[in-house]
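These notes concern the structure reproduced below.
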Amino acid sequence: MYMKINFKDSDDKLSCQIFVDDVFIGDVRLEISSLKWTLHPNFKTGYEYSHGVKDKYHSSYEAGKELAGLYKFFFPDHEEEQQRFGISLDEILAFLR
């Protein structure tokens, strides 16, 4: 499925906010000492899950794409679930109320 990723640079160019489908998912920050970019997700990944989060990247673009992929791994689209089950999560929750 298509995912729209937006990057918003900070004024000092040392960090970049990442949005997926207009949802803020976190930012990537430049470490001055190594000149590498690190991920700072705005969502929980689990203590034992560190794949990608502790890595360092050569560009904000590369780090942002990794952060977006990590977000989609933990939060797959509801539309895909609806296609698989024929009903959306919102419809299930409305029924349970």
Side-chain angles (χ1 to χ4, degrees):
M1 170 164 238
Y2 173 75
M3 134 174 92
K4 182 176 86 173
I5 304 171
N6 291 327
F7 297 79
K8 184 180 178 190
D9 288 327
S10 66
D11 291 338
D12 60 7
K13 305 290 185 196
L14 296 177
S15 67
C16 184
Q17 293 180 334
I18 309 299
F19 297 84
V20 170
D21 299 330
D22 298 322
V23 174
F24 175 68
I25 62 166
D27 59 356
V28 294
R29 299 178 193 156
L30 180 64
E31 286 186 354
I32 300 297
S33 60
S34 66
L35 295 178
K36 301 280 178 142
W37 292 83
T38 57
L39 309 182
H40 298 272
N42 193 36
F43 53 92
K44 295 207 183 274
T45 60
Y47 179 74
E48 65 281 347
Y49 191 87
S50 64
H51 173 73
V53 176
K54 299 200 186 273
D55 293 342
K56 296 183 181 185
Y57 302 91
H58 295 286
S59 69
S60 61
Y61 177 78
E62 182 183 3
K65 294 281 284 184
E66 183 66 27
L67 185 60
L70 191 63
Y71 176 77
K72 285 298 185 180
F73 175 77
F74 283 105
F75 304 100
D77 288 331
H78 295 296
E79 293 171 13
E80 292 174 5
E81 294 295 319
Q82 184 174 357
Q83 289 174 1
R84 187 169 11 158
F85 296 112
I87 189 168
S88 71
L89 180 61
D90 293 332
E91 291 172 318
I92 293 170
L93 294 175
F95 175 77
L96 293 175
R97 289 184 197 167

Check: [Y] and [X] side chains under 4.5 Å, non-hydrogen atoms:
| X | Y | answer |
| --- | --- | --- |
| L35 | K56 | no |
| Q17 | F24 | yes |
| Y57 | E66 | yes |
| C16 | K8 | no |
| L39 | L67 | yes |
| V28 | H40 | no |
| D22 | K4 | yes |
| L14 | I32 | yes |

Under the side chain to side chain contact (heavy atoms under 4.5 Å, CB included) test, which residues partner K13, sequence neighbours left out?
D9

Approximate separation, where rounding is to 0.5 Å, of K65 NZ and S60 OG:
12.5 Å

Sequence neighbours excluded, the answer for ring-ring contact (aromatic ring centres under 6.0 Å, His included) partners of Y61 is F7

Between I25 and I18, is a side chain to side chain contact (heavy atoms under 4.5 Å, CB included) present by the stated rule, with each step listed?
CA-CA 6 Å; I25 62 166; I18 309 299; 3.8 Å; yes

Contact summary for S59 and W37, nearest pair of heavy atoms
C-CD1, 3.4 Å

Which pair of heavy atoms, one from A68 and one from M3, lies closest together, and at what distance?
O-SD, 4.1 Å

Can you name the side chain to side chain donor-acceptor pair (under 3.5 Å) partners of S33, sequence neighbours left out?
none

Hydrophobic cluster membership, with links at side-chain heavy-atom distances under 4.5 Å among I/L/V/M/F/W/Y: are L70 and F19 in one?
no

For the pair F43 and F75, name the ring-plane relationship: parallel under 30°, tilted 30 to 60°, perpendicular over 60°.
perpendicular

